[in-house]
Amino acid sequence: MALTTQGEPVSALTFILRGEAEVTSDARPIGRLGQGLVGEMNVLDGGPASASVTLTRPARLFTITGGALNRLIRRDSDLRLLVENAMSRDTRAKLVAANQRLSTAQKGGHDDHEP
């Protein structure tokens, strides 16, 4: 099951509670995800996905469409702040993990600890 397709508009925010997904860019694997958000970078503005995300194990997911999420956060500024903070923390964790993998790869090592 694909959660996002690279280059297509992101139309939903998905939280993976359990399971695993593979992240690819231009059909090349770039990482794996366990628990966390998918679609957080562009769901609010409907921009294109920066990667494709495909479930590789049975998963427990929670999904909300971008339209529904935008309607909710327009009505509740506290919810908007909570959602934006969660997205920011999740994106930061993914960037830190990607930087660690890149650093390990440049040193010629292997790092199996992906986000």
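All figures in this text were calculated on a predicted structure; none of them were measured in a lab.
Q35 places a side-chain heavy atom less than 4.5 Å from the side chain of L17. Counting heavy atoms from C-beta on, the side chains of V38 and L61 never come closer than 4.5 Å. Taking the side chain as every heavy atom from C-beta outward, V10 and M41 never approach each other to under 4.5 Å. No side-chain heavy atom of T4 sits less than 4.5 Å from a side-chain heavy atom of N42. Between Q6 and T24, every side-chain heavy-atom pair lies at or beyond the 4.5 Å cut-off.
For the atom pair OG1 of T56 and CD of E22, the computed distance is 7.0 Å after rounding to the nearest 0.5 Å. Taken to the nearest 0.5 Å, the CG atom of D90 stands 12.5 Å off from the CG atom of N85.
Residues P9 and G46 approach most closely at CB-O, 3.5 Å, considering heavy atoms. Closest approach of A68 to T65, counting heavy atoms only: N-OG1, 3.1 Å. Across every non-hydrogen atom of S25 and S50, the tightest pair is OG-O, 4.2 Å. Shortest non-hydrogen contact noted between V53 and L33 is CG1-CD1, 4.3 Å. Across all their heavy atoms, R32 and E20 have their closest contact at CD-OE2, 3.6 Å. When all heavy atoms of P48 and G7 are compared, the pair lying nearest together is CB-O, 3.5 Å.
L37 and L82 are members of different hydrophobic clusters when ILVMFWY side chains are connected at heavy-atom separations under 4.5 Å. No single ILVMFWY cluster, assembled from side-chain heavy atoms under 4.5 Å apart, contains both F62 and I16. F15 and I73 fall within a single hydrophobic cluster, where Ile, Leu, Val, Met, Phe, Trp and Tyr side chains are chained together by heavy-atom contacts under 4.5 Å. Note: the hydrophobic cluster containing L72 also contains V83 (ILVMFWY, side chain heavy atoms under 4.5 Å, direct or indirect links).
Distance alone, capped at 3.5 Å, is enough to place a donor-acceptor pair between the N70 side chain and the G66 backbone. Between the T104 side chain and the Q100 main chain, a donor and an acceptor come within less than 3.5 Å of each other. Here the side chain of D26 pairs no donor or acceptor atom with the backbone of R28 at under 3.5 angstrom.
Remark: T63 engages T14 in a side chain to side chain donor-acceptor pair (under 3.5 Å) (not counting sequence neighbours).
Evaluated for a side chain to side chain contact (heavy atoms under 4.5 Å, CB included) with V23, the options L3, I30, T54 yield exactly one hit, I30.
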